[in-house]
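This report concerns only the one structure given below.
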Amino acid sequence: MKVKINNTEVEILATTVAQLAVDQQLPDKGVAVAINNDMVPRTEWAGRAIHEGDDIVILKAFCGG
């Protein structure tokens, strides 16, 4: 299905946020995901479905200054 990830349209096979995290090789900590401007807590990733046309934002924490 086609979705937007960080403003880039991509084709994905994942149907849940947890599957997307594995596919995108996201780290175990320091990551936030929002779908259609709705933050998805990590505890809900396994049950949160992704749908055609969703706008997904993935934020990764980083250190520096």
Side-chain angles (χ1 to χ4, degrees):
M1 79 179 98
K2 289 185 182 177
V3 297
K4 277 190 177 179
I5 298 179
N6 295 345
N7 293 319
T8 301
E9 190 171 22
V10 295
E11 185 82 26
I12 63 170
L13 298 175
T15 58
T16 67
V17 176
Q19 290 172 348
L20 181 68
V22 171
D23 291 351
Q24 296 292 310
Q25 299 177 343
L26 299 180
D28 291 335
K29 296 182 180 181
V31 176
V33 176
I35 299 177
N36 302 323
N37 293 319
D38 181 31
M39 292 299 296
V40 182
R42 185 178 289 271
T43 56
E44 297 177 13
W45 284 12
R48 180 64 183 264
I50 298 173
H51 304 285
E52 182 84 23
D54 277 348
D55 186 8
I56 301 168
V57 175
I58 300 172
L59 300 172
K60 297 178 188 175
F62 62 93
C63 297

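For clarity, every value in this text was computed on a predicted model and none was experimentally measured. Note that these values count all heavy atoms, side chains included, but never hydrogens, waters or copies made by symmetry. Sequential numbering from 1 along the given sequence is applied to the chain's residues.
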Residues forming a side chain to side chain donor-acceptor pair (under 3.5 Å) with Asp38, sequence neighbours excluded: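 Side chain to side chain donor-acceptor pair (under 3.5 Å) list for Asp38, sorted by chain: Arg48.
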Test side chain to side chain donor-acceptor pair (under 3.5 Å) applied to Asn36 - qualifying residues, sequence neighbours left out: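 Here the qualifying residues are Asp54.
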In this structure, would Val31 and Val17 fall into the same cluster of hydrophobic residues linked by side-chain contacts under 4.5 Å?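 In one cluster: yes.
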Would you say Met1 ends up clustered with Val40 if hydrophobic residues are merged whenever their side chains have heavy atoms under 4.5 Å apart, either directly or through other cluster members?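 Same cluster: Val40 reaches Met1 through Ile, Leu, Val, Met, Phe, Trp or Tyr contacts under 4.5 Å.
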Apply side chain to side chain contact (heavy atoms under 4.5 Å, CB included) to [X] and list each qualifying residue two or more places apart in sequence or on a separate chain.
X     : answer
Ala32 : Met39, Leu59
Ile5  : Val3, Val10, Ile12, Leu20, Gln24, Ile56, Ile58
Gln25 : none

How would you list all residue pairs meeting side chain to side chain donor-acceptor pair (under 3.5 Å) that involve residues 2-17, not counting sequence neighbours?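 Non-adjacent pairs meeting side chain to side chain donor-acceptor pair (under 3.5 Å): Thr15-Gln19.
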Salt bridge (Lys or Arg N to Asp or Glu O under 4.0 Å) partners of residues 20-30, not counting sequence neighbours, each pair once: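 Qualifying pairs: none.
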